[in-house]
Number of protein chains: 2
Amino acid sequence: MHEVSAVETALHGLRTLIADGSLHPGDRMPSEGELSERLGVSRGSIREAIRTLSALGVVETRRGAGTYVGELRAADMIGTLSLTVGLLPLESILELYELRRVLEAHAVSLSAARCDDATLAGLGDLLDRLEASEDVDEQSALDHEFHMGIVRLCGNESLGAMVAVLRSRSRAYPVLTPETKRVSDAGHRAILRALVSRDPVAASVAAAAHVAQSEVWLRERRPAPEAMVGPEA
Amino acid sequence: MHEVSAVETALHGLRTLIADGSLHPGDRMPSEGELSERLGVSRGSIREAIRTLSALGVVETRRGAGTYVGELRAADMIGTLSLTVGLLPLESILELYELRRVLEAHAVSLSAARCDDATLAGLGDLLDRLEASEDVDEQSALDHEFHMGIVRLCGNESLGAMVAVLRSRSRAYPVLTPETKRVSDAGHRAILRALVSRDPVAASVAAAAHVAQSEVWLRERRPAPEAMVGPEA
DNA sequence: CCGGTAAAACCTGTCCTACAAGTCTGTGTC
DNA sequence: GACACAGACTTGTAGGACAGGTTTTACCGG
């Protein structure tokens with residue numbers, strides 16, 4: 001047996017406060033000083049426990065104002081993964097493509113039954129600009145906007161957040177060349193056509209094929225294995 | 001503009017050390033004291049940054065020995081979510097059922113093409129014991145073992161980890177009654193039959209139906225909204 | 001030369017104090 | 001009532017000190 005560490009005690013205490021209903025989403029937590037006194041651990045240990053919960057999207061702190069319980073939405077917690085996928089090796093990214101393919105295909109098929117004409121027109125404009133663009137960064141941004149614009153329609157925030165996480169790293173690898181871009185553009189049009197037809201199955205197939213195509217390109221090119229770091233804060 | 005905080009500086013420095021290839025999975029990181037000196041922030045801030053990365057599964061610390069870079073596997077990082085799903089309200093759990101249904105169905109269909117006879121026999125034994133069991137806790141454990149045993153076969157660790165996360169909370173809600181258990185048992189047998197037939201489509205459908213059934217039960221019963229906390233450390 | 005043991009160096013875990021910097025509150029003035 | 005301001009409160013950061021672990025080193029006996 002080993003003594004329970006102070007930070008673990010603090011973490012358990014904080015989790016209990018949230019889990020047993022004492023604190024609700026948006027509530028302000030007791031101050032670090034009060035928690036330190038109530039849980040019998042130093043303020044430093046309390047802060048480390050809060051950092052843990054903060055990293056996981058459970059709480060957020062505002063300097064001078066206090067620490068607040070987060071909204072406790074699954075999408076927020078899933079979103080915290082995006083901070084770590086940037087550290088994964090390429091092999092892991094390829095492994096995650098399978099998740100992305102399945103989830104994005106499902107999300108798109110849901111969206112096919114939910115989109116309205118105005119949204120579809122907006123997506124069409126996006127594709128027009130994407131097809132006309134010659135700047136790689138702009139292409140990446142428009143591609144991302146197109147995909148996420150569709151996924152957000154699916155009605156399940158967790159699903160959208162997960163797809164966003166899985167997409168976040170792929171954007172760092174430029175697989176678009178003039179030749180592949182024509183295939184990519186055709187894939188986007190196929191997805192949009194399926195949405196216009198309100199055809200979930202066709203949309204799902206088109207999305208899965210599009211993602212699978214990206215995976216093939218990435219697997220072929222195997223870009224320089226240099227990792228990357230997020231932008232400066 | 002606002003001054004970049006010390007912890008952010010530390011976090012960026014640590015991430016950079018891993019991302020730029022200075023440190024590889026399993027390597028030992030510089031000591032807190034050295035990092036404090038090199039990055040120009042106090043040791044406390046370094047520790048908070050390390051806590052953040054630790055919560056996200058990027059590093060792990062061993063008292064007295066040092067802090068080590070994790071294996072940087074996607075499955076590990078996805079697994080960190082299981083610590084937070086215990087805090088989500090029931091509504092979020094129901095939202096996550098859609099993810100679980102899609103992912104588990106896909107995983108099971110992959111497993112259908114990969115399982116061997118010995119494994120299938122083991123799964124059959126599990127079902128025999130599950131059907132004979134009258135203890136709710138034992139039923140829950142066997143059910144979990146059956147499902148995860150299949151999912152692990154799929155060959156994608158990230159997929160397995162994600163399903164494990166999505167399942168982790170559902171186990172806390174007892175939806176099995178003598179009547180629902182008969183339906184559940186039949187669902188398990190349908191999945192196993194599909195696996196024995198090496199039929200991915202049938203396996204996928206059976207798994208999706210089984211998960212959907214669980215969701216319906218949970219939605220009907222809407223158990224007491226008391227949240228729960230993990231076991232003591 | 002080898003093996004084992006004890007000491008030393010090192011590292012993380014924890015607590016304490018002190019202060020800086022930001023936010024909120026209540027009071028008093030106009 | 002609106003505004004300004006002082007005070008209380010809260011988080012952010014730094015530094016020191018020690019406890020409790022682990023790893024390395026040095027020493028000694030065989």
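Every heavy atom of this structure was used, including side-chain atoms; hydrogens, water molecules and symmetry mates were not. Within every chain, numbering begins at 1; the chains are lettered A, B, ... in the order of the sequence lines, protein sequences first and strands thereafter.
For B:Arg62 and C:dC11, the CZ to C1' distance is 12 Å, given to the nearest whole Å. In this structure, B:Arg43 atom CZ and C:dT12 atom P are separated by 7 Å, rounded to whole Å. If you take CG of A:Leu11 and P of C:dT14, they are 12 Å apart, rounded to a whole angstrom. The CZ atom of A:Arg47 sits 10 Å away from the C1' atom of D:dT10 (whole-angstrom rounding). Taking atom CZ of A:Arg51 as the reference point, atom P of C:dG13 lies 16 Å away to the nearest angstrom. Summarising the geometry, the separation between OH on B:Tyr68 and P on D:dT22 is reported as 11 Å, rounded to the nearest angstrom. Here the C1' atom of nucleotide C:dG13 and the CD1 atom of A:Ile46 are 15 Å apart, to the nearest Å. For the pair A:Glu48 CD and C:dT12 C1', the interatomic distance rounds to 10 Å; values are reported in whole Å.
Closest heavy-atom contact between A:His24 and A:Gly21: CE1-O, 3.1 Å.
No hydrogens or angles considered: a donor-acceptor pair under 3.5 Å links the side chains of B:Thr119 and B:Asp116. Using modelled atom types and a 3.5 Å distance limit, the side chains of B:Asp135 and B:Ser133 yield no donor-acceptor pair. Side-chain contact, A:His106 with B:Glu98: a donor N or O sits under 3.5 Å from an acceptor N or O.
For A:Val7, whose side chain is taken as the heavy atoms from C-beta onward, the closest listed nucleotide among C:dT14, D:dT11, C:dC11 is C:dT14. The B:Glu32 side chain lies nearest to C:dG13 when the options are C:dG13, C:dT14, D:dT13. Ranking C:dG13, D:dG12, D:dA14 by closeness to the B:Val41 side chain, first place goes to D:dA14. Here C:dT14 is the nucleotide among C:dT14, C:dT12, D:dA14 with the atom lying nearest to any side-chain atom of A:Ser45.
Of the side-chain N and O atoms in A:Thr67, one or more sit less than 4.0 angstrom from OP1 or OP2 of D:dT11. Distances shown here put a side-chain N or O of A:Thr61 below 4.0 Å from the OP1 or OP2 atom of D:dG12. For D:dT13, the OP1/OP2 oxygens have no side-chain nitrogen or oxygen of B:Ser42 closer than 4.0 Å.
For B:Asp143 and B:Arg167, the salt-bridge test passes: some basic side-chain N is under 4.0 Å from an acidic carboxylate O. Between B:Glu60 and B:Arg62, at least one side-chain nitrogen of the basic residue sits less than 4.0 Å from a carboxylate oxygen of the acidic one, meeting the salt-bridge criterion.
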Contacts under 3.5 Å, N or O only, protein and nucleotides 19-21 of chain D:
residue, atom, partner, partner atom, Å
D:dG20, O4', B:Arg63, NH2, 3.0
D:dG21, N2, B:Gly64, O, 3.4

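Nearer the 5' end of DNA chain D, as judged by each residue's closest nucleotide, is the contact made by B:Ser36, out of B:Ser36 and B:Arg28. Residues A:Gly44 and B:Pro30 both approach DNA chain C. Their nearest nucleotides, taken by heavy-atom distance, put B:Pro30 toward the 5′ side.
Within 4.0 Å of A:Gly66, counting heavy atoms only, lie sugar-phosphate atoms of the nucleic acid but no base atom.
In this structure, the side chain of B:Thr67 does not engage the main chain of B:Thr61 through any donor-acceptor pair within 3.5 Å.
Applying the side-chain contact (heavy atoms from CB on, under 4.5 Å) rule to A:Glu145 yields the partners A:Leu126, A:Leu142; only residues at least two apart in sequence or on another chain are considered.
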